[in-house]
> 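Here you go, one structure.
This is a predicted model, so every value here is computed, not measured.
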Amino acid sequence: MTKILSHGTPQRLIRDNQSFQLVALIEGAGANAQFMQNLQVVGQQRQAHAELQKKLAAAPAAEAEGLKSQLAQLEERLAKNLEFMGKHYGYSVQHNYLLAPVQSALLLKALDADGKPIEDEAKATLVAEFHTTEAYEELQALRQRALAAGTDAAKKDEFEKIKAELHEKFGFEVGKHYLLQVRKGALYATIPA
């Protein structure tokens, strides 16, 4: 379920010198996964629309009618999806967005018989829970530091310390495969300057 108002979640954020305003609070792991899937579909449709417009502009007259028909069908589906996104999430293509995980869980992916990670959340193991955006961001900051130190041979000792801190604080092991399950997400839109 999406809520437009929230208590305890900041109404405004500043990230990378950009201001964001809270537009929706998305409750539940399933609802957050659905939002991300919907966002991906809209993105794919927008990309397909741009590509189809380019094809139409370069197409000979004999092919133009078929491409116009495809474009009209795509525009209709995209308009319906954007209307849905606006109604349910306050989403508009006029803004950039930030989804901040307010409550989330770090899940270790299960492995198949060949040792390859399985994407199914139901088969994953809970490693850590985050009850604030700040706790999740601390994990991300440590992961970024580990990535930077791990690629620099001169920082081997620092890398080992960061790996130990990741494991101690979050049960996170570098080199393993994880999923982030967002259980409560705050959706922020850019505020025009």
> side-chain contact (heavy atoms from CB on, under 4.5 Å) for L52 and L67? Distances and angles first, verdict last.
CA-CA 7 Å; L52 204 49; L67 290 174; 3.8 Å; yes
> Is any side-chain heavy atom of L98 closer than 4.5 Å to one of Q18?
no
> Decide salt bridge (charged side-chain N to carboxylate O under 4.0 Å, His left out) for K161 and E165; before the verdict, give the C-alpha distance in whole Å, the side-chain angles of both, and the deciding distance to 0.1 Å.
CA-CA 6 Å; K161 286 179 186 176; E165 187 176 356; over 6 Å; no
> Between R183 and E129, does at least one N-O distance fall below 4.0 Å, as a salt bridge requires?
yes
> Please say which of K55, H49, Q47 ends up in a side-chain hydrogen bond (donor to acceptor under 3.5 Å, both in side chains) with E51.
Q47
> Find out if a path of hydrophobic residues (ILVMFWY) with successive side-chain heavy-atom gaps under 4.5 Å connects F130 to L187.
no
> In terms of hydrophobic clusters joined by side-chain contacts under 4.5 Å, are L108 and L179 together?
no
> Roughly how far, to the nearest 0.5 Å, is the NE2 atom of H88 from the CD1 atom of I26?
11.5 Å
> If only atom types and distance count, is the side chain of T190 paired as donor or acceptor with the main-chain N or O of N96 below 3.5 Å?
yes
> Please give me the minimum heavy-atom distance between P101 and L180, naming the atom from each residue.
CG-CD2, 4.3 Å
> Can you tell which of E121, E173, E119 makes a salt bridge (charged side-chain N to carboxylate O under 4.0 Å, His left out) with K109?
E119
> Can you name the closest pair of heavy atoms from H131 and Q103 and give their distance?
O-CG, 4.1 Å
> Are L39 and Y97 close enough, and set up right, to give a side-chain contact (heavy atoms from CB on, under 4.5 Å), and what steps lead you there?
CA-CA 11 Å; L39 193 59; Y97 289 88; over 6 Å; no
> If you measure from CD on Q70 to CG on L56, what distance do you get to the nearest 0.5 Å?
10.0 Å
> For residues A110 and K123, report the shortest heavy-atom separation together with the two atoms involved.
CB-O, 3.2 Å
> Among E75, E76, R77, find the residue that satisfies the side-chain contact (heavy atoms from CB on, under 4.5 Å) test when tested with Q73.
R77
> Could you go through the side-chain contact (heavy atoms from CB on, under 4.5 Å) check for L99 and M36 one step at a time?
CA-CA 9 Å; L99 181 63; M36 295 304 291; 3.7 Å; yes
> Would you call K156 and E160 a salt bridge, using N to O less than 4.0 angstrom?
no
> Please determine whether residues L126 and I118 belong to a single hydrophobic cluster, defined as Ile, Leu, Val, Met, Phe, Trp and Tyr linked transitively by side-chain heavy-atom distances below 4.5 Å.
no
> Between atom CD1 of I191 and atom CD of Q21, what is the distance when rounded to the nearest 0.5 Å?
5.0 Å
> Do V102 and L107 land in one hydrophobic cluster if side-chain heavy atoms of ILVMFWY residues count as linked below 4.5 Å?
no
> Taking K68 first and then E65, would you say they form a salt bridge - that is, a charged N and a carboxylate O separated by under 4.0 Å?
yes
> Going through the distances and angles, do E138 and K169 end up as a side-chain contact (heavy atoms from CB on, under 4.5 Å)?
CA-CA 10 Å; E138 182 182 0; K169 285 185 174 180; 2.7 Å; yes
> So with a 6.0 Å cut-off around CG of D120, is the heavy-atom count from everything else above 12?
yes
> Can you tell me if CG on D114 sees more than 12 non-hydrogen neighbours from other groups inside 6.0 Å?
yes
> When you compare the side chain of I14 with that of R12, does any pair of heavy atoms fall below 4.5 Å?
no
> Give the minimum heavy-atom separation between T9 and Y188, together with the two atoms involved.
CG2-OH, 3.4 Å
> Heavy-atom distance under 4.5 Å between the side chains of F172 and V174, does that happen here?
yes
> In the single-linkage hydrophobic clustering (I, L, V, M, F, W, Y; side-chain heavy atoms under 4.5 Å), do V182 and L106 co-cluster?
yes
> Rounded to the nearest 0.5 Å, what separation is found between the NZ atom of K155 and the CZ atom of R145?
10.0 Å
> Any non-hydrogen side-chain atom of L13 less than 4.5 Å from a side-chain atom of L22?
no
> Quick check: closest heavy atoms across I162 and A146, and the distance to 0.1 Å?
CG2-CB, 3.7 Å
> Check N32 against E27 and note the closest heavy-atom contact, atom names and distance.
ND2-C, 4.2 Å
> Would Y91 and F35 count as a close aromatic pair, with their ring centres under 6.0 Å?
no
